[in-house]
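Some notes on the structure that comes next.
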Protein chains: 2
Amino acid sequence: MSDLLERLRERGWRLTAQRRVVAEVLDGDHVHLTADEVHARAVQRLPEISRATVYNTLGELVSLGEVLEVSTDRRAKRYDPNAHQPHQHLVCAQCGAIRDVHPSGNPLADLPDTERFGFTVSDVEVTYRGTCPNCASA
Amino acid sequence: MSDLLERLRERGWRLTAQRRVVAEVLDGDHVHLTADEVHARAVQRLPEISRATVYNTLGELVSLGEVLEVSTDRRAKRYDPNAHQPHQHLVCAQCGAIRDVHPSGNPLADLPDTERFGFTVSDVEVTYRGTCPNCASA
DNA sequence: ATCCTACAATGGACTTTGTCTAAGTCAAGG
DNA sequence: CCTTGACTTAGACAAAGTCCATTGTAGGAT
């Protein structure tokens with residue numbers, strides 16, 4: 001986390017209170033907040049922070065490769081700070097809970113050349129869907 | 001296609017001009033239109049069709065399992081009429097072109113029990129990203 | 001320590017995507 | 001060919017996100 005701020009400073013990022021707060025809010029495991037959720041939490045620490053700034057900062061963090069944008073949900077994009085370890089997502093279809101997961105094997109290798117239509121394939125995104133233990137017992 | 005209309009009638013669907021037009025617009029291979037694109041094309045055949053009807057009809061087709069909703073793009077949902085053959089998607093990061101693809105292997109099987117967090121996993125959605133031949137040569 | 005200035009933040013208007021509703025229309029069975 | 005409940009319509013509304021002109025400030029320069 002402070003590593004993150006360190007790394008960003010080295011890349012010429014101007015360190016403002018707003019950016020620090022956004023970075024802090026995103027810290028943790030299995031964190032997948034929407035922009036609005038990030039904003040709501042940021043406001044608790046820095047009441048005057050604006051929505052536009054949160055969007056800008058998230059966008060910058062994504063461009064810098066420090067945060068991933070995921071669309072596990074069909075509504076808002078979510079922001080995943082776990083950008084340095086490849087992983088996929090497991091989503092509860094009922095409550096929307098999200099966990100980072102690490103499938104065995106490499107799904108990229110599962111796409112035969114005959115199925116590539118001349119594309120240069122560089123990335124694959126996998127979303128598992130199901131029911132979480134909480135929702136199953138309810 | 002006319003099979004589709006047939007099947008829907010059998011399920012008690014009232015067959016209106018609007019619904020027929022939406023179904024026609026969705027016909028074909030590698031078709032992945034957004035709701036707005038479906039509306040734009042539907043209007044060419046039936047000028048008075050409203051946006052709400054297109055949304056309603058697409059929603060019904062999805063509920064009936066005749067069309068899939070996919071979010072390969074981070075903006076609008078896309079509608080895929082190829083619902084009866086399991087497949088995944090390959091997307092060009094530049095131009096947004098989408099192809100249906102059939103990876104070997106079963107990605108569901110690649111998620112070990114230890115990575116399931118007690119979830120009952122029922123479905124998996126895979127999106128490959130890359131550059132299409134057109135964009136690569138440009 | 002203070003000044004400068006380019007970069008960042010603000011808030012409000014705007015856009016896109018999608019949903020809802022009240023009123024009008026029509027497919028299809030009787 | 002009448003009736004009726006399902007379907008469609010237009011437009012208001014909502015949620016998520018972008019844009020822009022203005023104001024503020026981090027951090028190097030003095």
Side-chain angles (χ1 to χ4, degrees), chain A residues 5-25 32-64 66-80 96, chain B residues 5-25 32-64 66-80 96:
Chain A
L5 296 178
E6 203 54 52
R7 254 178 288 144
L8 294 173
R9 184 156 26 203
E10 274 162 24
R11 295 206 235 169
W13 228 45
R14 202 153 111 185
L15 191 45
T16 65
Q18 290 84 344
R19 288 174 167 181
R20 194 173 6 241
V21 164
V22 169
E24 281 169 16
V25 163
H32 306 90
L33 299 171
T34 64
D36 253 21
E37 287 164 352
V38 172
H39 180 239
R41 298 188 186 199
V43 161
Q44 301 190 345
R45 307 192 190 202
L46 189 65
E48 34 347 325
I49 192 170
S50 77
R51 275 173 11 98
T53 297
V54 170
Y55 277 103
N56 288 341
T57 305
L58 290 171
E60 286 155 14
L61 288 169
V62 170
S63 300
L64 292 169
E66 296 290 348
V67 165
L68 295 176
E69 214 171 65
V70 297
S71 8
T72 50
D73 162 306
R74 258 89 180 194
R75 301 170 56 201
K77 293 174 200 165
R78 293 182 172 274
Y79 293 89
D80 181 344
Chain B
L5 295 178
E6 204 53 53
R7 253 178 289 145
L8 293 173
R9 184 156 26 204
E10 275 162 25
R11 295 205 234 170
W13 229 44
R14 200 154 113 186
L15 191 44
T16 65
Q18 291 84 345
R19 287 174 167 182
R20 195 174 3 242
V21 164
V22 169
E24 281 168 17
V25 163
H32 306 89
L33 299 171
T34 63
D36 253 21
E37 287 164 352
V38 171
H39 181 240
R41 297 188 187 199
V43 160
Q44 300 190 346
R45 307 190 189 202
L46 188 67
E48 3 38 291
I49 192 171
S50 77
R51 275 174 7 100
T53 297
V54 171
Y55 276 101
N56 288 341
T57 305
L58 289 172
E60 286 155 14
L61 289 169
V62 170
S63 299
L64 292 169
E66 297 290 347
V67 164
L68 295 176
E69 214 171 64
V70 297
S71 7
T72 52
D73 161 307
R74 259 90 179 195
R75 302 171 56 199
K77 291 174 201 166
R78 293 181 172 274
Y79 293 89
D80 182 343

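Residue numbers start from 1 in every chain, and the chains themselves are labelled A, B, ... in the order their sequence lines are given, proteins ahead of strands.
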Distance (rounded to the nearest 0.5 Å) between B/Tyr79 OH and B/His32 NE2: 13.5 Å
Spacing between A/Asp73 atom CG and D/dA15 atom P, to the nearest angstrom: 14 Å
Length of the line joining A/Leu15:CG and D/dG28:P, which is rounded to integer Å: 12 Å
Length of the line joining B/Leu58:CG and C/dT19:P, which is rounded to integer Å: 10 Å
Whole angstrom value for the distance that separates C1' of D/dG28 from CZ of A/Arg9: 14 Å
Per-nucleotide protein contact string for nucleotides 1-9 of chain D (B base, S sugar-phosphate only, - none; heavy atom under 4.0 Å): ----BBSSB
Worked verdict on B/Leu8 versus B/Leu15 for side-chain contact (heavy atoms from CB on, under 4.5 Å): CA-CA 8 Å; B/Leu8 293 173; B/Leu15 191 44; over 6 Å; no
A/Asp36 CG to D/dA16 P, straight-line distance once rounded to whole Å: 6 Å
B/Arg75 vs C/dT17: side-chain N/O to OP1/OP2 distance below 4.0 Å: yes
Integer-rounded Å distance: D/dT25 P and A/Arg20 CZ: 14 Å
B/Lys77 to B/Glu69 - nearest heavy-atom pair and separation: CD-CD, 3.5 Å
Any A/Tyr55 side-chain N or O less than 4.0 Å from OP1/OP2 of D/dT18: no
Length of the CZ-C1' vector between A/Arg78 and D/dA16, whole Å: 13 Å
Exam field: side chain A/Arg11 to backbone A/Leu64, donor-acceptor pair closer than 3.5 Å: yes
Counting only pairs under 3.5 Å, give me each side-chain donor-acceptor contact of residues 39-47 of chain A, with atom names and distances, residues two or more places apart or in other chains.
unit_1  : atom_1 : unit_2  : atom_2 : d
A/His39 : NE2    : A/Ile49 : O      : 3.2
A/Arg45 : NH1    : A/Glu24 : OE1    : 2.8

Rounded distance (Å) that lies between atom P of C/dT17 and atom CD of B/Glu69: 15 Å
Spatial distance of atom CG (A/Asp73) from atom CZ (A/Arg78) [nearest 0.5 Å]: 5.0 Å
